[in-house]
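Each chain gets a letter, A, B and so on, in the order its sequence line appears, and its residues count up from 1.
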Amino acid sequence: MKGRGLKKLALAIFAVAGVGGLVFSKAKLSKEWQDAALKTYVPPGEHDEFYAFLSGGFNGQIGVYGLPSGRLIKIVPVFSVNPENGYGYSEETKNLLMTSHGFIPWDDTHHPQLSQTNGVPDGRWIFINANNTPRIARIDLSEFRTVEIIEIPNSAGNHPSSFVTANTEYVTAATRFSIPIPQKDYPIEEYKKWAKGTITFIKVDNSEGEHNNRMSIAFQLLVPGYDYDLAHCGKGPSHGWCFFTSYNTEQAHTLLEINASQRDKDFILAVNWKRAEECIAQGKGKKMETVYYHNYIDPETGIAKSEKKTEVLVLTPKECPGVAYYLPTPKSPHGVDVTPDGKYIIGGGKLSINQPIHSFEKMIKAIQNKEFAGEIEGIPILKYESILHCEVKNLCLGPLHTEFDDKGYAYTSCFISSEVVKYDPKTCKILDRIPVYYSIGHLMIPGGDSAKPWGKYLIAMNKITKDRYLPTGPELPHAAQLIDISGEKMKMLLDFPTQGEPHYAQAIPASLVKPKVKKIYELEKNKHPHAVKTEEEAMKRGVVRKCDSNGKCEVHIYLTAIRSHFTPDNIEGVKVGDTVYFHVTNIEQDWDIPHGFAIFGAKNSNILIMPGETLTLKWTPQKPGVYPFYCTDFCSALHQEMQGYIRVSPKDADVKLCWSLGDQKRCAE
Amino acid sequence: MGDKLRPFQRLLIALASLLLLGVYFFPLWYIKLWAPQYPEWLGMFIWVNTITGENPHDLYNINILNHYIGMQEINPDIVPELKILPFIFAFFIIFGLIVAITGKKKLLKIWVWSFIIFGVLAIADFWWWEYRYGHNLDPRAPIKIPGGAYQPPLLGCKQLLNFKACSFPARGAYFAVASLILGFTAYIMDFFKKPEGRLT
Ligand SMILES: [Cu+2]
């Protein structure tokens, strides 16, 4: 009996070892994957070579990843509230999300773009668009925080955005969805009568110094009511121009998948913004009444200001000849991309199998020689043959978007054939193609849309993942694939899942960002009006209760957070019906020591306060009782002890307003 | 043989005095701390008149950490020695220059021996401060130290719980040591008199 048991055990061990062996042998990688692993493996404690910024699409944020590892490092909240750290919930950040439609907690981010100097990403800021309620945000890369958001009036579907000019003179916005300008309730079927588009140029203040009030709307160009889709601005010889693709030149207002796909060619709109500046200087712009918001963080207090604007300058092409031209481009083009030397403009004709490449030089000549095929609302249409450099024949199915490497080659993403195609934009010869899994949207090469691509890697941002990862129910992640483009042939290196839906991305060598990144906020420089910088000050200011003539009361509680307690941590005298503001200052000055703050029953979120920062959480207690608050971030060995109580009494109770810490106690007069 | 110093000896003691000016420009002692959570190290400099962090907030952060074991706050304002020390060094500078000017052997002897005694006392005092910081721990502190003592080393490195604490003289101290060596050299030159002195 015993012997048989042992035998069974031995057999079992043998079987387990066998399975282990199978698993182990599966883990033995082919030569190809071993090479790929060596190229993407970043050992523990070492840093990635590039920062990559992927838009989050419907999560409204930006994901920060390291390349080549594909590791997700951070999600920067931009247009969506983020209960994880209180973004959009704290009294300080709420105003960033104010619009002419009120507070909006969500949006759809598409196209991040790094600030540039001489056409090269400089690592100061990254911009990104909100597609749904048109806005542009600026994220400061010394903090990886959204510091400014400007709303775009006279716009809908802010998709061809946020592309910058070569010295970040402007950042662009435009209308994917045409609307009545100004808005009015026209019958929808009268689309052709009311549909208008705008191309918006937002001036950027590039001056040095710590101020966040940098974006202002310079002007809006009123354009025909097509769907403007994507953009990129010129550089080198084409500096001074920006290019916008359009589709639905059929001007359909229903069943666009059929009705907007009828024409053989749609347009790329070429806008000469230097010419627009001239016209505006000559007073040709018209002031138009409208409403939009401009929000930015005051760097001294950390509090977002929200300014309501009521006027915008509008320019029409008819009154400013030479400001805009249409370049015929097959067929419902998506991306429009300018080669690093600024000489060629590639339109991603998503329903065409041939990729047209326009020549900027030819475009200028055609304008000079007036080689026009017509005119729409003051915008001349250039002849296709006059501006075409070449068509890359049989490129692929569903070409969407193109970026460039450091050797001058172009790479186009093809949604339908699910591949990336490499070709030479000068000779228009196809050089290589690689399948991607599955259905690529945009692609990205570090600096690949700038005057100086760093090359080396390409990431494909794929819309469908299906069987690529462990299944997670019907809702699956989107994903990126890293491809080595350093050699003649493209080589697949790595798959990594992404957050939300990355539409477009940017990447920059880490060395251009890392040295500027802040570790803490200087407590000394904190000018928040509710900041308390020492525990003595917190005990002194303590709790203030103010009531108005209607008996409505506000309570301001001043707290410090330091390892491992709040000061004060016992508070009494708050009443049901009071609106309570917890102003918490993290008085640490040590790297990576945030403190969190959460209070029982709060209907908003927690707040995560960085060293030297003050954040405010609003709380409206509903019932009498004793409620705990605590630190939500595991800050220290005694984090679990970092807690306190607030006593809430009935409205008519006679409880004195007092606060204490240990044996120190104070009460209000 | 008179009671006057030779010119070379006077030059040495003058140099020794001037070298002491270095203690006003460089820290005397350097204490640094490493822990798994502080790969970048925390550092603290002891100057002739103050204590500072190596980086802007290091001292503040060291104090935050020390409160867990109930160590007193390191506050340069409550250390009387830091008020006196600048004057002691000033005394040695001026006294040394007087020695050089007057060239009196007796004064040099006093300078050297008082400097040596001062040095020994200063190091003993430093150790005494470390002892008091390491032993006067608040009994109500959340972390109780095994053995009840958490004394940083006088010289070299020592593991204290999760921290590796290292203590070394810094540049200011090297100036002081160099000064003493020069002064001492001038002093002992009298014991190795030149042969021609014997001949006369
Ligand atoms: Cu905490």
Between [X] and [Y] (side chain of the first, backbone of the second, donor and acceptor by atom type, cut-off under 3.5 Å), is there such a pair?
X: Asn63(B); Y: Ile74(B); answer: yes
X: Asn82(A); Y: Tyr87(A); answer: no
X: Glu49(A); Y: Pro68(A); answer: no
X: Tyr133(B); Y: Glu73(B); answer: yes
X: Lys104(B); Y: Leu5(B); answer: no
X: Asp48(A); Y: Ser69(A); answer: yes
X: Trp659(A); Y: Met539(A); answer: yes
X: Asn212(A); Y: Ile297(A); answer: yes

**Complete:** Contact list (residues 588-598 of chain A to chain B, heavy-atom gap under 4.5 Å, by number) returns Glu588(A), Gln589(A), Asp590(A), Trp591(A)
**Prompt:** Among residues 50-61 of chain B, which residues come closer than 4.5 Å to chain A, judged by heavy atom distances?
**Reply:** His57(B), Tyr60(B), Asn61(B)
**Request:** Spell out the residues in residues 152-187 of chain B that have some non-hydrogen atom less than 4.5 Å away from a non-hydrogen atom of chain A, in order of number; otherwise answer 'none'.
**Result:** none
**Asked** When you look at Thr585(A) and Glu537(A), which way does the side-chain contact (heavy atoms from CB on, under 4.5 Å) test go after all the steps?
**Response** CA-CA 11 Å; Thr585(A) 304; Glu537(A) 200 184 340; over 6 Å; no
**Side chain, backbone, both or neither of Leu65(B) within contact of chain A (heavy atoms, under 4.5 Å)** = side chain
**Request:** Let me know if Glu40(B) has heavy atoms under 4.5 Å from chain A in its side chain, its backbone, both or neither.
**Result:** side chain
**Request:** Sort out for me which residue in Phe95(B), Phe91(B), Phe92(B) forms a ring-ring contact (aromatic ring centres under 6.0 Å, His included) with Phe115(B).
**Result:** Phe92(B)
**Prompt:** Yes or no on ring-ring contact (aromatic ring centres under 6.0 Å, His included) for Phe629(A) and Trp619(A), after CA distance, side-chain angles and deciding distance?
**Reply:** CA-CA 11 Å; Phe629(A) 56 84; Trp619(A) 184 61; 8.9 Å; no
**Asked** Can a salt bridge be assigned to the pair Glu613(A) and Arg145(A) using a cut-off of 4.0 Å between side-chain N and carboxylate O?
**Response** yes
**Message:** Tell me every residue that passes disulfide bond (SG atoms under 2.5 Å apart) with Cys658(A), counting only those two or more places apart in sequence or in another chain.
**Reply:** Cys667(A)
**Item:** Val48(B) and its side chain to side chain contact (heavy atoms under 4.5 Å, CB included) partner, picked from Leu20(B), Leu85(B), Ile88(B)
**Value:** Leu85(B)
